[in-house]
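What follows is a short report on a single structure.
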Amino acid sequence: AKTSGKHTYRFFDKSMQDAVVEKTLMEARLRQTIDNNELRLYYQPQYNMKSGQIDGFEALLRWKSPDYGMVSPLKFIALAEETGLIIGMGNWVLREACTFNQELYAHGQGRLCTAVNISVVQLMQADFVQVVAAVLSEIGLPPEQLELEITESVLMERFEDNVRKLGELRSMGVRIALDDFGSGYSSLTYLKKLPITALKIDKAFIDDIAEGDNNIAITGSIIELAHEMGLVVVAEGVETEEQFAYLKQKGCDSIQGYLISQPLPPEEFIAKLQG
Ligand code: C2E
Ligand code: CA
Ligand code: CA
Ligand code: CA
């Protein structure tokens, strides 16, 4: 019919076609990245408010593409999840980040905690717990030195199954952090059901810490209630001294953000630890 013909035409207009081509191209490129050794990990320091020291780091993926330069994971993680490429990629991240930690230790650095982002697609693999256990024992990293960061979306799908797996990881000693807290549906009471050790307050709340902002009280309450539940609190995206002062006053345990440091390539992270 004429109408559907018109629809078809409109659907496949030039820009849509370009987008499809670009996505297909990117998928093909992404498939080559692991083989070509084009993936990199950057490490963002986590600063402990009590000790005044860096006591850990979050591993963040960068795709160093000859065509695109340093590509942010925001551009390719979703695609990697859709295509299943995230499994191999995620395993590589886990092994690489734990190895880096162990190397730092071998060179005389005190014990640091490695935080690794875990996609729901990874967690849903039947052997996920075994994979983590195997990586830790292979590298010799104590489980307490690994923190897995999960988001709420992880928990929406196959809740029972995923919670059971996280519980198994917990009993091995692995730490679990709920990432982007406050950006989704989570309530603090629902947190009680989860085998987590830490809460990462989403940057959006940290952004609201400004003089005279009404939302400022929320961050304070989150910290207080999380502490009552025995959780460690990490604030992300801390950029200003004002935010720092507020978070310190509220007893926030650790912070991460440009105020302390951007995510750094390994050599620069080591220099930062020494400086
Ligand atoms: P995320 O886990 O919430 O990571 C924090 C993001 O905030 C990072 O972006 C980091 O560079 C950025 N950031 C940190 N401090 C500041 C700050 O003070 N100001 C601002 N404006 N931004 C700050 P990045 O590296 O682009 O990563 C984006 C997201 O990609 C991550 O969000 C995470 O969800 C995902 N991601 C990164 N690496 C991995 C990975 O290895 N596996 C999986 N599954 N996801 C990853
Ligand atoms: Ca994270
Ligand atoms: Ca986050
Ligand atoms: Ca995020």
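The shown structure was predicted, so the numbers you read here are calculated from the model rather than taken from an experiment. As a basis for the values below, the full set of heavy atoms in this structure was taken, side chains included, without hydrogen atoms, waters or symmetry mates. Read the numbers this way: they start at 1 and go in the same order the structure lists the ligands and their atoms.
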Using a strict cut-off of 4.0 Å, indicate which atoms of ligand 1 neighbour a heavy atom of [X].
{"X": "Gly257", "value": "15 (N), 18 (O)"}
{"X": "Glu239", "value": "17 (C), 18 (O), 19 (N), 20 (C), 21 (N)"}
{"X": "Ser72", "value": "26 (O)"}
{"X": "Ser119", "value": "44 (N)"}
{"X": "Val93", "value": "41 (O)"}
{"X": "Leu74", "value": "28 (C), 29 (C)"}

Original post:
Who pairs with Phe76 by ring-ring contact (aromatic ring centres under 6.0 Å, His included), at least two apart in sequence or on another chain?
Top reply: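 For Phe76, the residues satisfying ring-ring contact (aromatic ring centres under 6.0 Å, His included) (neighbours in sequence not counted) are Trp63.
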Subject >> Results of ring-ring contact (aromatic ring centres under 6.0 Å, His included) for Tyr246 - residues two or more places apart only >> reply: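 Counting only residues at least two positions away or on another chain, Tyr246 forms no ring-ring contact (aromatic ring centres under 6.0 Å, His included).
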**OP:** Report yes or no: does a heavy atom of Lys200 sit under 4.0 Å from some atom of ligand 1?
**Re:**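 No; Lys200 lies far enough from ligand 1 that no heavy-atom distance drops under 4.0 Å.
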Original post:
Got Leu146 and Arg175 here, is their nearest side-chain heavy-atom distance under 4.5 Å?
Top reply: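 A side-chain contact under 4.5 Å is absent here.
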Subject >> Beyond-backbone contact of Glu81 with Ser119, side-chain heavy atoms, under 4.5 angstrom >> reply: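 Yes; the side chains approach each other to less than 4.5 Å.
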Ignoring angles and geometry beyond distance, decide whether [X] reaches within less than 3.5 Å of ligand 1 through its nitrogen or oxygen atoms.
{"X": "Tyr258", "answer": "yes"}
{"X": "Gln44", "answer": "yes"}
{"X": "Pro263", "answer": "no"}
{"X": "Glu58", "answer": "yes"}

Original post:
What does the angle at the Ca ion (ligand 2) come to, between atom OD2 of Asp179 and atom OD1 of Asn117, rounded to 10°?
Top reply: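 Vertex at the Ca ion (ligand 2): approximately 90°.
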How does [X] reach ligand 1, by side chain, by backbone, by both or by neither, if only non-hydrogen atoms under 4.0 Å count?
{"X": "Asn117", "value": "both"}
{"X": "Gln262", "value": "neither"}
{"X": "Met89", "value": "neither"}
{"X": "Arg62", "value": "side chain"}
{"X": "Asp179", "value": "side chain"}
{"X": "Asp180", "value": "side chain"}

Subject >> Ring centres under 6.0 angstrom apart (Phe100, Phe57) >> reply: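 That pair passes the under 6.0 Å test.
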Subject >> Side-chain H-bond candidate by donor/acceptor type, Gln44 with Gln256, under 3.5 Å >> reply: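 Their side chains do contain a donor-acceptor pair, which is all the 3.5 Å distance test asks for.
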Original post:
Distance only, no hydrogens: is a donor on one side chain within 3.5 Å (strictly under) of an acceptor on the other, for Glu58 and Asn117?
Top reply: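 Yes, side-chain donor-acceptor contact under 3.5 Å.
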**OP:** Go through Glu168 and Arg164 one step at a time and tell me if the salt bridge (charged side-chain N to carboxylate O under 4.0 Å, His left out) criterion holds.
**Re:** CA-CA 6 Å; Glu168 284 172 28; Arg164 178 184 51 77; 2.9 Å; yes
Original post:
Out of the N/O/S atoms in Glu149, what is the name of the one closest to the Ca ion (ligand 2)?
Top reply: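 The nearest such atom is OE1.
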Under a 4.0 Å N-O cut-off, is there an ion pair linking [X] with [Y]?
{"X": "Glu138", "Y": "Arg95", "value": "yes"}
{"X": "Glu268", "Y": "Lys272", "value": "no"}
{"X": "Lys250", "Y": "Glu224", "value": "no"}

**OP:** Kindly work out whether a path of hydrophobic side-chain contacts (I/L/V/M/F/W/Y, heavy atoms less than 4.5 Å apart) joins Leu60 to Tyr43.
**Re:**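 As far as the 4.5 Å side-chain criterion goes, Tyr43 and Leu60 are not connected within one cluster.
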Subject >> Closest contact, heavy atoms only, Asn37 versus Arg40 >> reply: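 Minimum heavy-atom contact is O-NH1, 3.0 Å.
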Subject >> Atom name in Glu236, limited to N/O/S, at shortest distance from the Ca ion (ligand 3) >> reply: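 Looking only at N, O and S atoms of Glu236, the one nearest the Ca ion (ligand 3) is named OE2.
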**OP:** Indicate if the distance from the Ca ion (ligand 2) to the nearest N, O or S atom of Glu58 falls below 3.0 Å.
**Re:**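 Within the cut-off used here (under 3.0 Å), Glu58 does place an N, O or S atom near the Ca ion (ligand 2).
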**OP:** Taking both backbone and side-chain atoms into account, decide whether Asp180 has an N/O/S atom under 3.0 Å from the Ca ion (ligand 3).
**Re:**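 An N, O or S atom of Asp180 is closer than 3.0 Å to the Ca ion (ligand 3), so yes.
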